[in-house]
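Taking it in order: structure first as structure tokens, then the write-up.
Throughout, residue positions are numbered sequentially from 1 according to the sequence presented. Just so it is clear, the model here is predicted, and its values are computed rather than measured. Keep in mind that the numbers below use all heavy atoms, side chains included, and drop hydrogens, waters and symmetry copies.
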Amino acid sequence: MKKVFNLTNKYIVIATPLILFSLISSIYLTLSAAGKIINLIIAIVLFTLMLGAFIAGWFNMIKLAVKEPYRDDPNSLIKEFTPGVGEYFLSSLGSVLVITVVSLALIFVSYYAGMKGIGDPGISANAFSDAMSSTEALKAFLSSLTTEQLNKLNLWNFLLLGTISLTYFLLILYLPVLFFKNKNPFTAFFISLKDLFSRHFFKTLLVYIVILTANFILSIISALFSANIILHFFVTLLNFYYIVLAGVGVFYYYNETFIETHLGKNIDKTV
């Protein structure tokens, strides 16, 4: 854990592309939110290309930070973003497709299981959307529900949370495999599952629980300080730091557990 913090602090320049991408993509999506269907489709396609380029460059920086912990000039790591885009762009686009398909498949399965096991709470999508418009609307909406509807709604919330958590866990080693072992996004997915359900399963689960717990704590802190502009700004910076820390941590863990300990052995193709 200490080495991960040291790496993150040394290569804090990794946060720069993340912040810039978050800012640019937020502005772009906001400006593209309205318009004709064809415009929205074009906006989604362009955003996917932007996301693929970001994943390629940013995770290449993280990979090199882990592989080169003693680089003399830490800030020079920013120069590795563009070469990463050139080398991993197609792989990253493929990973976006794989992650989307896996996520949608798990959502479909959980929805089917929820309808069979929990049942329809009898709440329309429009009513739920209107309830999210303000705190007062949400209170009025909840007070209008029956006890049975509230119980079903709570169960659906737990199911949704469980599905999201399971999805993240199944994909936790996917990008490290893509950047360390195999550039083929489809092959990398199956290798990541093989590594996930290896003898290091519980160790990987512990890493995931630590990341999930930290994210939960940060979410509470963000909610508490959302009304204070100054504190909210610092919490936002803390969130960016956490994302970099989590990325470096997962890549460092994968390199130490699945790469360095297998050097010289005939394992999965290494890139």
With sequence neighbours excluded, what pairs up with [X] under the side chain to side chain contact (heavy atoms under 4.5 Å, CB included) test?
X: Ser143; result: none
X: Ser26; result: none
X: Leu238; result: Leu218

(request) Supply the atom-to-atom distance Leu29 CG to Ile44 CD1, rounded to the nearest 0.5 angstrom. (result) 9.0 Å

Just jot down the ring pair (Phe, Tyr, Trp, His ring centres under 6.0 Å) partners of [X], sequence neighbours excluded, or say none.
X: Phe186; answer: none
X: Phe21; answer: Phe54
X: Phe89; answer: none

(request) Determine the interplanar angle of the Phe189 and Tyr174 rings, folded into 0 to 90°, and report it as parallel if under 30°, tilted if 30 to 60°, perpendicular if over 60°. (result) perpendicular

(message) Tell me whether the rings of Phe258 and Tyr253 are parallel (<30°), tilted (30 to 60°) or perpendicular (>60°).
(response) perpendicular

Does anything in [range] pair up under side-chain hydrogen bond (donor to acceptor under 3.5 Å, both in side chains), and if so which pairs, sequence neighbours excluded?
range: residues 90-104; answer: none
range: residues 229-239; answer: Ser222-Asn239
range: residues 68-79; answer: Glu68-Arg71, Arg71-Ser76

(request) Kindly write out the residues that satisfy side-chain hydrogen bond (donor to acceptor under 3.5 Å, both in side chains) with Tyr241, not counting sequence neighbours, or none if the list is empty. (result) Asn9

(message) If hydrophobic clusters are built by linking Ile, Leu, Val, Met, Phe, Trp and Tyr wherever their side-chain heavy atoms come under 4.5 Å apart, do Phe59 and Val98 end up in the same one?
(response) yes

(request) Tell me whether Phe233 is reachable from Ile19 by hopping between hydrophobic residues (I, L, V, M, F, W, Y) whose side-chain heavy atoms are closer than 4.5 Å. (result) no

Closer than 3.5 angstrom, by distance alone: can the side chain of [X] be matched with the main-chain N or O of [Y] as a donor-acceptor pair?
X: Tyr254; Y: Leu175; value: no
X: Thr16; Y: Val13; value: yes
X: Lys152; Y: Gly119; value: no
X: Asn182; Y: Ile191; value: no

(message) Clusters formed by hydrophobic residues whose side-chain heavy atoms approach within less than 4.5 Å: which one holds Met115, and what are its other members?
(response) Tyr111, Ile118, Leu155, Trp156, Leu159

(message) Taking transitive links into account, so neighbours of neighbours count too, which hydrophobic residues share a cluster with Phe158 at under 4.5 Å side-chain distance?
(response) none

(message) Between Tyr168 and Tyr208 (judged by ring centroids, cut-off 6.0 Å), do the two rings come close enough to count as a pair?
(response) no

(message) Taking the six-membered ring for Trp, are Phe234 and Phe225 closer than 6.0 Å centroid to centroid?
(response) no

(message) One thing to verify: whether Lys183 and Glu87 come together as a salt bridge, which I'm taking to mean a side-chain N less than 4.0 angstrom from a carboxylate O.
(response) yes

(message) Which heavy atom of Val248 sits nearest to which heavy atom of Ile62, and what is that distance?
(response) CA-CG2, 3.9 Å

(request) Specify the closest pair of heavy atoms between Leu170 and Leu193, including all atoms of both residues, with the distance to one decimal. (result) O-CD2, 3.9 Å

